[in-house]
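As the structure lists them, so they are numbered: ligands from 1, and atoms in each ligand from 1.
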Amino acid sequence: MAQQNIYDNDKFYENFKGLRSDEINFNDIIETPIITAMLPDLKDKKILDIGCGMGQHAMQYSKAGAASVLGTDISEKMLAFARENNSADNITYRRLAFEDIEQLDEKFDVITSSLAFDYSEDFALLMKKIYALLNDGGHLVFSMSHPISTAYDGVYDRYTRTEKGERLYANLHNYGIEGERHFKWVVDDYEVYHRKISTLINCIASAGFIIEECQESTVPEDILKEHPDMFGGVVHQPDFIFFRCRK
Ligand SMILES: C[S@@+](CC[C@H](N)C(=O)[O-])C[C@H]1O[C@@H](n2cnc3c(N)ncnc32)[C@H](O)[C@@H]1O
């Protein structure tokens with residue numbers, strides 16, 4: 001499938017915008033607290049946020065005292081939302097696919113990415129390109145869908161359930177077969193790439209990074225109790241994986 005730009009599809013964009021804007025959503029409740037806790041001090045740092053989407057993280061990093069934040073994304077629609085809703089003097093947005101990220105002719109202290117690398121066909125090359133864009137001692141901190149989650153190939157339900165529909169356990173199918181995954185999510189043919197955990201680690205290490213921290217998503221107990229239908233799967237399988245890597 002190589003490069004795709006599903007976020008510029010009207011139906012997909014509207015659906016994602018709705019989900020991302022809900023008060024209770026996976027990004028704000030699960031992803032953001034974990035990645036935030038893993039970030040180095042951002043004060044006066046030059047930051048690149050790859051796959052910045054609607055700019056919520058760029059705004060967060062701007063408010064945390066970054067010297068500058070450059071948000072890049074492939075989607076015009078996502079960038080238009082970001083420019084309108086998450087602008088600040090120290091934030092710039094630019095349309096640029098991460099496959100072409102080497103076109104940036106500057107270096108950064110911190111490179112971040114939230115839930116965008118699921119769409120990367122060549123993760124090894126992406127890690128090398130990002131390594132080259134970092135200043136010495138700089139950090140790459142990113143999240144992506146967890147390999148247990150990306151293994152899903154649309155064939156079986158993600159969970160085995162009781163007759164009432166409660167999740168009993170997660171189903172894992174074809175984890176060992178890496179590559180494209182196609183299934184129905186808003187659009188009929190939603191596409192991501194599946195890689196094993198060992199592949200992620202080996203790509204990061206081969207690029208030259210030191211892995212300082214890895215996290216797998218969990219949900220706070222009170223949120224789980226309040227929203228079991230939405231987050232109940234997380235006790236069986238982590239949705240997201242996070243890495244903090246140093247050059
Ligand atoms: C799940 S959204 C996450 C957006 C944002 N980082 C956030 O946390 O809300 C994934 C983003 O990755 C972007 N994306 C997908 N493929 C890309 C590519 N090849 N190059 C750059 N951005 C890409 C999408 O356009 C989308 O904005």
Query raised in the report: For ligand 1, which atoms, with element, lie under 4.0 Å from some heavy atom of Leu115?
Result: 1 (C), 10 (C)

Query raised in the report: Taking atom 17 (C) of ligand 1 as the point of reference, which of Phe98, Phe117, Phe142, Tyr119 owns the nearest heavy atom?
Result: Phe98

Report task. Please confirm whether Phe123 and Tyr193 have ring centers closer than 6.0 angstrom. Result -> no

Query raised in the report: Quick one: do the His194 and Glu180 side chains pair a donor with an acceptor below 3.5 Å?
Result: no

Query raised in the report: Heavy-atom distance to atom 3 (C) of ligand 1: which of Gly55, Gly71, Ser114 wins?
Result: Ser114

Query - ILVMFWY cluster, Met144 and Ile6 together (side-chain gap under 4.5 Å) - result: yes

Query raised in the report: Tyr131 ring centre to Lys247 NZ or CZ under 6.0 Å, with the angle to the axis within 45°?
Result: yes

Query raised in the report: If you measure from each non-hydrogen atom of Met54 to ligand 1, which part falls under 4.0 Å: side chain, backbone, both or neither?
Result: neither

Query raised in the report: How does Tyr7 reach ligand 1, by side chain, by backbone, by both or by neither, if only non-hydrogen atoms under 4.0 Å count?
Result: side chain

Report task. Starting from atom 9 (O) of ligand 1, locate the nearest protein heavy atom and write down its residue, its atom name and how far away it is, to 0.1 Å. Result -> Arg20 NE, 2.8 Å

Query - Contact (N/O only, under 3.5 Å) between Phe16 and ligand 1 - result: no

Query raised in the report: Quick one: nearest non-hydrogen protein atom to atom 4 (C) of ligand 1, plus distance?
Result: Gly51 O, 3.5 Å

**Report entry** ring-ring contact (aromatic ring centres under 6.0 Å, His included) partners of His173, counting only residues at least two apart
**Finding:** Tyr156

Requested in this report: May I ask you to check whether Tyr7 and Phe12 place their ring centers less than 6.0 Å from one another?
Outcome: yes

Query raised in the report: Against heavy atoms of Ala97, which atoms of ligand 1 measure under 4.0 Å?
Result: 20 (N), 21 (C)

Query - Asp22 and Asn25 side chains, donor-acceptor separation under 3.5 Å - result: no

**Report entry** Cys52, portion touching ligand 1 at heavy-atom distance under 4.0 Å
**Finding:** backbone

Requested in this report: Could you find the nearest protein heavy atom to atom 14 (N) of ligand 1 and give me its residue, atom name and distance?
Outcome: Ile74 CG2, 3.8 Å

Report summary line: Closest to atom 25 (O) of ligand 1 by heavy-atom distance, out of Ile6, Val192, Asn5, Asp73, is Asp73

Report task. Assess the side chains of His146 and Asp239: does a donor N or O sit below 3.5 Å from an acceptor N or O? Result -> no

Query raised in the report: Do Phe231 and Phe26 have their ring centres less than 6.0 Å from each other?
Result: yes

Report summary line: Any heavy atom of Glu99 under 4.0 Å from ligand 1? The part involved is side chain

Query raised in the report: Is there a donor in the side chain of Glu31 and an acceptor in the side chain of Ser217, or the other way round, less than 3.5 Å apart?
Result: no

Query raised in the report: By number and element, which atoms of ligand 1 are closer than 4.0 Å to a non-hydrogen atom of Leu96?
Result: 21 (C)

**Report entry** Proximal ligand 1 atoms for His57, defined as those under 4.0 Å from one of its heavy atoms
**Finding:** 8 (O)

Report summary line: To atom 12 (O) of ligand 1, the nearest of Ala58, Gly53, Ala116 on a heavy-atom basis is Ala116

